[in-house]
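Below: one structure, written as structure tokens.
The chains referred to below are lettered A, B, ... by the order of the sequence lines, with proteins before strands, and numbering in each begins at 1. These numbers were taken from a predicted model, which means no experiment stands behind them.
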Amino acid sequence: MNRYDPKAIEAKWQRVWEDARAFHVPDPERGADRSAKSYVVEMWPYPSGTLHMGHVLVYTLGDVISRFRRRNGMAVLHPIGFDSFGLPAENAAIKEGGHPREITERNIATITQSMRRMGWGFDWDRLISAHEPEYYRWDQWLFLKLLEAGLAYRKGSPVKWCPVDQVVLANEQVHDGRCEYCGAEVVSKDLEQWFFRTTAYADELLDELEHIAWPDRVKAMQRNWIGRSEGAEIQFAIEELDAEVSVFTTRPDTLFGATFFALAPEHPLVERLAERSPNAGELRDYVRKAAVKRGEERAAAEQKTGVFTGFFATNPANEARIPIWVADYVLMEYGTGALMAVPAHDERDLAFAERFDIPVVTVIDDDGKLINSAQFDGWPADDAKRAIVDWLGERGRGTTAINFRLRDWGFSRQRYWGCPIPIVYCDEHGAVPVPESELPVLLPEIDDYKPKGIAPLASAEDWVRAPCPVCGKEGRREVETMDTFVDSSWYFLRFCDPHNDDAAWDRGIVDWWSPVDQYIGGVDHATMHLIYARFFMKALNDLGLIGFREPFLNLFTNGWVQLGGSKMSKSKGNVIGPEELVAEYGADSARLYMLFIGPAREDMDWTDEGIDGMSRFVRRVYRLVGEVAERARHGEPPPGELTRKAHETIAKVTDDVGRRQSFNTAIAAVMELVNELSKAGPDDPAARFAAETAVSLLQPYAPHVAEELWEQLGHERLWEQPWPAADPSQLVRDTFELVVQVNGKVRDRFEVDVGASEDELIARAKASARVQSHLDGAQVRKTIVVPRKLVNFVV
RNA sequence: GCCGAAGUGGCGGAACUGGCAGACGCGCCGGACUCAAAAUCCGGUGCCCGAAAGGGCGUGUGGGUUCGAUUCCCACCUUCGGCACCA
């Protein structure tokens with residue numbers, strides 16, 4: 001008997017698939033039926049040195065789904081590419097020398113090899129990588145489109161700046177308000193940065209969550225992230241300045257309880273107040289210090305801080321003059337950067353009021369009714385919200401308002417290894433887009449990638465000098481690059497038409513395949529990537545470039561793979577990686593075990609004992625099926641236990657993989673079938689059918705060994721065979737196990753004819769000696785019969 | 001603080017629609033084969049009492065609904081995750 005040799009088997013079939021172009025899908029024919037297409041995408045990997053266990057999980061999931069759908073008669077697009085721009089390659093280049101491109105391409109080559117060895121059925125003809133000009137020129141083109149549509153823009157936003165070194169500092173480079181390099185006091189400076197107007201779609205991004213089949217937790221995270229809150233904007237007057245300043249509040253019902261007014265240090269009004277304030281020095285000093293603090297630092301402060309401006313604001317509800325403070329717990333980025341403080345009904349306002357001895361006025365009683373609120377006294381708070389805003393509205397002092405936590409997406413990066421932003425700055429014409437005909441703006445070669453606080457590209461002086469597209473006079477190129485999330489916001493569109501040199505994609509082709517039917521990836525991308533990609537689709541749809549507004553109809557979020565946990569096994573002591581795993585056990589066992597450990601949606605713990613067990617199972621299947629293959633018997637399997645078990649297993653696996661996406665239980669079901677087959681032995685008349693069924697059902701998980709055994713059984717090209725169908729007539733049983741309970745406790749169980757009537761069931765149940773001993777002459781008060789399940793006597 | 005997910009044997013987990021708790025696997029125990037070991041095969045394995053038959057207990061805790069609850073409801077505890085001076 002030949003021994004199971006995964007290395008030989010896997011190499012053999014990988015070769016066969018490649019020669020047969022088994023996973024290649026052609027472009028759709030014009031007018032082709034879309035109902036049987038399926039577009040399956042796993043989040044494209046960042047090409048770090050090697051594959052890790054997380055990759056094994058994600059791509060095996062995608063492969064199982066793709067192979068299953070192919071055999072269910074669907075045209076399946078299952079592509080792969082690399083998210084190949086980004087920081088790690090740049091950092092590696094800084095640390096070890098070499099060019100980020102070389103490092104990246106070397107890694108891609110290594111990982112590609114490993115992916116092939118895992119047997120993942122990708123359409124390799126569609127391989128794309130973000131760092132190639134053939135890809136990123138379309139990043140640039142899309143940027144120009146969004147710019148034209150007003151969905152990309154530039155604005156100044158405050159950064160930490162060292163006035164001595166003349167560089168931007170990252171948060172981590174500021175210690176106690178001083179520069180990490182020279183110790184100079186850091187100041188805040190407005191720096192122009194690029195933004196996408198994600199907030200233009202805030203409402204839709206929120207509302208459309210209702211209509212996509214995503215996990216609840218991901219939807220919840222996006223809702224949190226978008227953070228819609230409903231409330232009101234209310235105008236307060238500052239009489240001394242003859243100015244008005246508005247605040248956002250979700251609690252207009254507490255308006256009568258406002259006892260002070262607070263401005264963010266960055267609020268434009270602060271400087272105007274400082275000009276006329278007796279304590280201008282203190283005020284400006286406070287503002288300066290607040291500006292160089294990190295947001296988290298401000299939030300973590302044990303005590304609230306602030307400075308009184310010397311001015312007062314007038315509450316439009318009761319004409320009360322309340323003191324205006326500047327306080328760094330007020331955020332310029334949210335609402336209007338100003339707030340009415342109601343210490344009685346807001347913890348933060350209370351903490352501030354206590355610190356600075358500001359009065360606290362309660363305006364809502366324990367019953368939720370308004371007090372101290374003039375004509376609104378006695379109103380329930382919820383009704384009062386609306387009534388007060390209406391009342392203010394009549395006098396032009398307030399209106400309902402909605403605020404979002406979501407901010408526009410700042411996507412420019414002071415980094416080298418990314419897509420150049422196609423803009424030239426001209427003294428006369430400002431930021432001028434590079435004409436489409438001049439794309440791509442190629443990333444130039446430079447010598448030093450180190451972050452110096454100015455973008456590395458600035459050192460490529462010949463490249464930076466470029467003529468202004470409008471006037472031709474010398475201008476300077478944008479030296480910042482795009483966030484890599486730009487690359488990943490549309491790569492799944494490019495997969496549909498990956499080699500198009502004339503356009504980012506052909507709309508007909510993209511609209512045929514898209515949206516993605518099944519997207520798979522880690523929950524760590526719940527907010528950023530999955531929001532940005534949704535934003536892109538909405539924008540591209542509005543631009544007429546695609547025919548849909550949501551990128552991913554179904555999302556499967558996989559858990560994390562923990563290695564060893566507390567109990568690292570064997571004496572290796574080391575973490576075992578996919579490469580060693582394939583070398584030791586073969587890809588099939590690795591793939592199977594990865595999905596068998598537990599529900600793929602949840603975190604899981606990889607153990608070496610576990611894969612030993614799976615390896616045992618695969619060898620067992622190999623041996624058993626081999627024994628069956630040697631027997632000559634063919635033809636229809638006779639009805640019986642084993643035949644029925646095979647049909648039940650087909651039904652179970654089809655449902656688990658197809659509908660429930662419960663991949664671990666499907667494997668368990670096949671194991672049960674294999675156990676039955678083992679018990680029946682290779683000479684059982686149904687053995688061949690059981691073996692063929694087990695092999696066929698295992699194929700999405702363990703494609704190599706399945707293909708090999710399928711061949712041994714005398715067939716060909718399992719990957720093209722229709723998925724087996726359970727014969728309903730074979731699933732019918734003529735007896736079932738009746739459970740008999742007394743007072744809800746199981747006392748006996750035995751086989752009963754399916755056709756038995758209720759009375760017969762009760763009679764049979766009562767006849768049982770075990771049941772009798774529990775009835776023990778007591779009077780049966782009630783009898784419950786559940787057809788084909790149980791009888792319960794209540795005594 | 002707000003939002004979300006989850007608590008089941010020694011371990012990973014199963015039980016999909018309120019109906020046999022613990023499928024499947026790991027580990028462990030016993031046996032077969034072997035000079036021996038590995039591999040493989042067979043059997044056992046929730047806990048407690050019992051020689052056994054059998055009985056009792058048992059799905060985080062406490063209550064409730066129900067003939068019957070891992071499943072539904074209420075309260076609480078714990079763990080994990082997201083957001084967070086967001087007004």
Under a 4.0 Å N-O cut-off, is there an ion pair linking [X] with [Y]?
{"X": "A:Arg298", "Y": "A:Glu266", "value": "yes"}
{"X": "A:Glu244", "Y": "A:Arg397", "value": "yes"}
{"X": "A:Arg644", "Y": "A:Glu648", "value": "yes"}

Do A:Trp325 and A:Phe352 have ring centroids that are under 6.0 Å from one another?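 Here the rings of A:Trp325 and A:Phe352 have centres that are less than 6.0 Å from each other.
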Close aromatic pair by centroid cut-off 6.0 Å: A:Tyr593 and A:Tyr585: no
Determine whether any donor atom in the side chain of A:Arg223 lies under 3.5 Å from an acceptor atom in the base of B:rC3, or the reverse, and answer yes or no.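 Per atom types, no contact qualifies.
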With distance as the sole criterion, do the side chain of A:Asn224 and the base of B:rC83 form a donor-acceptor contact below 3.5 Å?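 In this structure, the two groups form no donor-acceptor pair.
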The side chain of [X] lies closest to which of these nucleotides: [options]?
{"X": "A:Arg217", "options": "B:rG4, B:rA87, B:rA39", "answer": "B:rG4"}
{"X": "A:Asp656", "options": "B:rC83, B:rG55, B:rC16", "answer": "B:rC16"}
{"X": "A:Met221", "options": "B:rA87, B:rG82, B:rG55", "answer": "B:rG82"}
{"X": "A:Ser229", "options": "B:rA87, B:rU40, B:rC67", "answer": "B:rA87"}
{"X": "A:Lys652", "options": "B:rC83, B:rC16, B:rA39", "answer": "B:rC16"}

Heavy atoms from other residues, nucleotides or ligands near CD of A:Glu333 exceed 12 (cutoff 6.0 Å):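 Yes, the 6.0 Å shell around CD holds more than 12 heavy atoms from other groups.
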Is there a donor-acceptor contact under 3.5 Å from the side chain of A:Asp408 to the main chain of A:Thr199? yes
A:Trp225 pairs by side chain to side chain contact (heavy atoms under 4.5 Å, CB included) with which of A:Leu530, A:Ile531, A:Leu206, A:Leu205?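 Among A:Leu530, A:Ile531, A:Leu206, A:Leu205, the one meeting side chain to side chain contact (heavy atoms under 4.5 Å, CB included) with A:Trp225 is A:Ile531.
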Return whichever of A:Ala220 or A:Phe793 has its heavy-atom-nearest nucleotide of RNA chain B closer to the 5' end.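 Result: A:Ala220.
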Considering heavy-atom distances to RNA chain B, does A:Val218 or A:Lys782 have its closest nucleotide positioned more toward the 5' end? A:Val218
Hey, does A:Arg3 have a side-chain heavy atom less than 4.5 Å from the side chain of A:Tyr622?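 Contact flag for A:Tyr622/A:Arg3 side chains = no.
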What is the glycosidic conformation of B:rG9: syn, defined as within 90° of 0, or anti? syn
Whole angstrom is fine here: how far is it from CG in A:Leu761 over to P in B:rC67? 21 Å
Quick one: label [X] by what it contacts on the DNA or RNA (base, sugar-phosphate, nothing), any heavy atom closer than 4.0 Å.
{"X": "A:Pro599", "result": "sugar-phosphate"}
{"X": "A:Val330", "result": "base"}
{"X": "A:Arg747", "result": "sugar-phosphate"}
{"X": "A:Arg770", "result": "sugar-phosphate"}
{"X": "A:Lys219", "result": "nothing"}

Any chance you could list the contact pattern along nucleotides 43-48 of chain B? Use B for base contacts, S for sugar-phosphate-only contacts and - for none, protein heavy atoms under 4.0 Å, 5' to 3'. ------
Could you run down nucleotides 20-28 of chain B 5' to 3' and tag each one B, S or - for protein heavy-atom contact under 4.0 Å? BS-BBSSS-
